[in-house]
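Below is one structure; the comments refer to it alone.
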Amino acid sequence: MRVFTTGGTGLVGSPAVAELLRAGHTVLGLARSDASAAALEAAGAEVLRGGLDDLDVLRSGAARSDAVLHLAFDHAVVTAEDLTRSVAQEGAALHALGEELAGSDRPFVTVSGTPVAPGRPSTEADPLPTDGPVGGRSRSVGAVLALASRGVRSAAVRLPRTVHDRGQGGFAGLLTAAARRTGVAGHPGDGTQRWPAVHALDAAALFRLVLEQAPAGTAWHAVADEGDAVRDIAAVVGRRLGLPVRAVGPEVFGPFGAVFSADQPATSAHTRAVLGWQPRHPGLLEDLEQLRP
Ligand SMILES: NC(=O)c1ccc[n+]([C@@H]2O[C@H](COP(=O)([O-])OP(=O)(O)OC[C@H]3O[C@@H](n4cnc5c(N)ncnc54)[C@H](OP(=O)(O)O)[C@@H]3O)[C@@H](O)[C@H]2O)c1
């Protein structure tokens, strides 16, 4: 398949592009800068110049391809307004891509986070929360899945809180950044709350499987570690960076404070059983051993 890919230079997207190419697919990658275009070309992808706001470019990318993989998100978010803008930008991009694909039966794979199910690991059958600061992202994903009734083989891969590669990325990456900034490897509360995680190379394998196999309107969990206790994550970060480890207030993590405090394990039992996906790369705690002071 020729797969039009947005976000193909990101932490999640770079290994996804490599995985698709390795499996014999071709990739047309959206690039908003010379640096992104060069990275995609070096990876072996074709380049389509433009950004998420360029809806005509997105439509032409989808029109020229057999499938769409959407992974771009503008994470340059400092304020609540920035987040609102990024969420709206992504929603408009997904809508444009979906309208182009309607009636074509082509795969359209997008991304979200795993949901939270109080007291147990969330499953692929649990709904995404549509309230809160990123509720708009969930509504956009829901609109993509609803395209199943309009002739699109739509699917969503739900990523855990941390997608990691060489010790970097996700919530654990933000926790590491806060530790470097404050001089303390802090965990909000007692740190017994659990966050799920996956290695970016394992997530990449699932994006390929979902593009190739997933029935229309389905959601999948790219979860390798069901739930790492946050104090265990902070302990590795502190040891690797030579910093003390202790409980800190949620305000240390700014807009992420509340969500960092929540217990939010997730399972991928259904995804593994149906798609035959099997994570093979190091878990988060092992991968964090690659951190350098
Ligand atoms: N990493 C995680 O732990 C994690 C966890 C859960 C969910 N997710 C979600 O997974 C997706 C991919 O995340 P990631 O970690 O790979 O993000 P990332 O490393 O920040 O990469 C973002 C990608 O989006 C592209 N992009 C950003 N703004 C764009 C714009 N305006 N126009 C075109 N392209 C734009 C970037 O291109 P440039 O090269 O030009 O910057 C880059 O390729 C996102 O939806 C993210 O929210 C990630």
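In each ligand, atom 1 is the first atom listed, and ligand 1 is the first ligand listed. Just so it is clear, the values below take in all heavy atoms, side chains as well, and ignore hydrogens, waters and symmetry mates.
Of the protein's non-hydrogen atoms, the one nearest atom 33 (C) of ligand 1 is Leu52 N, 3.6 Å. If you check which protein heavy atom lies closest to atom 11 (C) of ligand 1, you get Leu71 O, 3.3 Å. Protein heavy atom at the shortest distance from atom 17 (O) of ligand 1 is His75 CE1, 3.2 Å. Looking only at heavy atoms of the protein, atom 39 (O) of ligand 1 is closest to Thr9 OG1, 2.5 Å. Scanning the protein for heavy atoms near atom 1 (N) of ligand 1, the closest one is Val163 CB, 3.7 Å. Scanning the protein for heavy atoms near atom 41 (O) of ligand 1, the closest one is Arg32 NH2, 2.8 Å. When only non-hydrogen protein atoms are considered, atom 48 (C) of ligand 1 lies nearest to Leu159 CD1, 4.0 Å. Scanning the protein heavy atoms around atom 25 (C) of ligand 1, the nearest turns out to be Ala72 CB, 3.8 Å.
More than 12 heavy atoms of other residues, nucleotides or ligands sit less than 6.0 Å from atom CZ of Arg49. The number of heavy atoms from other shown groups lying within 6.0 Å of CZ (Arg180) is above 12. For NE2 of His270, the number of neighbouring non-hydrogen atoms (other residues, nucleotides, ligands) closer than 6.0 Å is greater than 12.
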Test log, rule salt bridge (charged side-chain N to carboxylate O under 4.0 Å, His left out), inputs Arg153 and Asp105: CA-CA 5 Å; Arg153 190 156 68 75; Asp105 287 327; over 6 Å; no
Run the salt bridge (charged side-chain N to carboxylate O under 4.0 Å, His left out) check on Arg194 and Asp232 step by step: do they pass? CA-CA 9 Å; Arg194 294 158 297 167; Asp232 294 340; over 6 Å; no
Working for salt bridge (charged side-chain N to carboxylate O under 4.0 Å, His left out), residues Arg239 and Glu289: CA-CA 9 Å; Arg239 181 164 46 72; Glu289 296 290 350; 2.6 Å; yes
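The shortest separation from a heavy atom of His164 to ligand 1 is not under 4.0 Å, leaving the residue out of contact. At least one heavy atom of Thr162 sits closer than 4.0 Å to an atom of ligand 1.
Close approach to Asp74 involves these atoms of ligand 1, each under 4.0 Å from a residue heavy atom: 27 (C), 28 (N). Interface of Ser36 with ligand 1, defined as ligand atoms under 4.0 Å from a residue heavy atom, comprises 38 (P), 39 (O), 40 (O). The contact set between ligand 1 and Arg137, taken as ligand atoms under 4.0 Å from a residue heavy atom, comprises 44 (C), 45 (O), 47 (O). The ligand atoms of ligand 1 that sit less than 4.0 angstrom from a heavy atom of Leu11 are 1 (N), 15 (O), 16 (O), 19 (O).
Under a 3.5 Å cut-off, the side chain of Glu100 and the backbone N or O of Ser60 do not form any donor-acceptor pair. Of the possible donor and acceptor atoms, none in the side chain of Arg106 sits under 3.5 Å from a partner among the backbone N and O of Ala67.
Figure legend: cation-pi geometry between Arg137 and Phe73, with NZ or CZ positioned under 6.0 Å from the six-membered ring centre and within 45° of its axis.
Between Val111 and ligand 1, no N or O atom pair is found at a separation short of 3.5 Å. Residue Val12 places at least one N or O, backbone or side chain, under 3.5 Å from an N or O of ligand 1. Checking only distances, Ser33 never comes within under 3.5 Å of ligand 1, N or O to N or O.
When the heavy atoms of Gly170, Gly113, Pro160 are ranked by distance to atom 5 (C) of ligand 1, first place goes to Pro160.
At a 4.0 Å heavy-atom cut-off, ligand 1 does not touch Ala35 at all.
Just one of Glu19, Glu212, Arg2 meets the side chain to side chain donor-acceptor pair (under 3.5 Å) condition when paired with His25; it is Glu212. Checking Leu284, Asp225, Leu288 one by one against Thr162, the side chain to side chain contact (heavy atoms under 4.5 Å, CB included) holds for a single residue, Leu284.
Note: Phe260 and Phe253 have tilted aromatic rings, judged against thresholds of 30 and 60 degrees for the angle between ring planes.
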